[in-house]
Amino acid sequence: ISIDDVKHIAKLARIELKDEELEKFRVDLNKVLGYVEVLKSVDTEGVEPLATVTGLENVFREDRVEESDLQDDIVKNAPERKGKFIKVKKVF
């Protein structure tokens, strides 16, 4: 890739690069893209896509409603409050 490509990628990523860094990142990005080309040559015929390599699955607890007495504790820690409500600045 060219220096202009590196500048464009940096702009898209919102990364400020100094002029002396452009060549280093051009070389690094070319190495990464070269490695991607090597990976493309690997025969993956018959290999199923994986989301995880460990085989572990999430275990979720039952979703149930519970009473809580935390409102007073939460509101008393707010920087500004009005009664039982947290006071915030206007959004609009």
The criterion is salt bridge (Lys or Arg N to Asp or Glu O under 4.0 Å); which residues satisfy it with R64, sequence neighbours excluded?
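For R64 the salt bridge (Lys or Arg N to Asp or Glu O under 4.0 Å) partners, ignoring immediate neighbours, are E66.
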
With sequence neighbours left out, write down each residue that passes salt bridge (Lys or Arg N to Asp or Glu O under 4.0 Å) with K76, or none if nothing qualifies.
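Here the qualifying residues are D73.
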
Set of side chain to side chain donor-acceptor pair (under 3.5 Å) partners for K24, sequence neighbours left out:
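Residues passing side chain to side chain donor-acceptor pair (under 3.5 Å) with K24: D28.
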
So, using side chain to side chain donor-acceptor pair (under 3.5 Å) as the criterion, who are the partners of E21 when residues are at least two apart?
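E21 satisfies side chain to side chain donor-acceptor pair (under 3.5 Å) with no residue once adjacent residues are dropped.
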
Which residue pairs satisfy the side-chain hydrogen bond (donor to acceptor under 3.5 Å, both in side chains) criterion with at least one member in residues 81-92, sequence neighbours excluded?
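side-chain hydrogen bond (donor to acceptor under 3.5 Å, both in side chains) check on residues 81-92 returns no pairs.
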
Pairwise side-chain hydrogen bond (donor to acceptor under 3.5 Å, both in side chains) hits with a residue in residues 34-47, at least two apart:
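Matches after skipping sequence neighbours: E37-K40.
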
Enclosure of E16 CD (heavy-atom neighbours >12, cutoff 6.0 Å)
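Result for CD/E16: open.
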
If hydrophobic residues (ILVMFWY) are linked whenever their side-chain heavy atoms come closer than 4.5 Å, directly or via other members, who joins [X] in its cluster?
X   : result
F85 : none
L12 : none
V36 : none

Taking atom NZ of K11 and atom CZ of R14, what is their separation to the nearest 0.5 Å?
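K11 atom NZ to R14 atom CZ measures 10.5 Å (nearest 0.5 Å).
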
Can you find a pair of side-chain heavy atoms, one from I86 and one from E80, that are under 4.5 Å apart?
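They are not in contact (no side-chain heavy atoms under 4.5 Å apart), so the answer is no.
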
Do you know which of I1, L17, N30 makes side-chain contact (heavy atoms from CB on, under 4.5 Å) with F25?
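Of the listed residues I1, L17, N30, the side-chain contact (heavy atoms from CB on, under 4.5 Å) partner of F25 is L17.
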
S68: partners by side-chain contact (heavy atoms from CB on, under 4.5 Å), with sequence neighbours left out:
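side-chain contact (heavy atoms from CB on, under 4.5 Å) list for S68, sorted by chain: L70.
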
I74 reachable from V88 in the ILVMFWY side-chain graph, under 4.5 Å edges:
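Linked, V88 and I74 end up in one cluster.
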
Hydrophobic cluster identity match, I15 and L22, side-chain contacts under 4.5 Å:
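Yes, same cluster.
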
Just distance, no hydrogens or angles: give the donor-acceptor pairs under 3.5 Å from side chains in residues 2-9, sequence neighbours left out.
unit_1	atom_1	unit_2	atom_2	d
S2	OG	D4	N	3.4
S2	OG	D5	N	3.1
S2	OG	D5	OD2	3.2
D5	OD2	S2	N	3.1

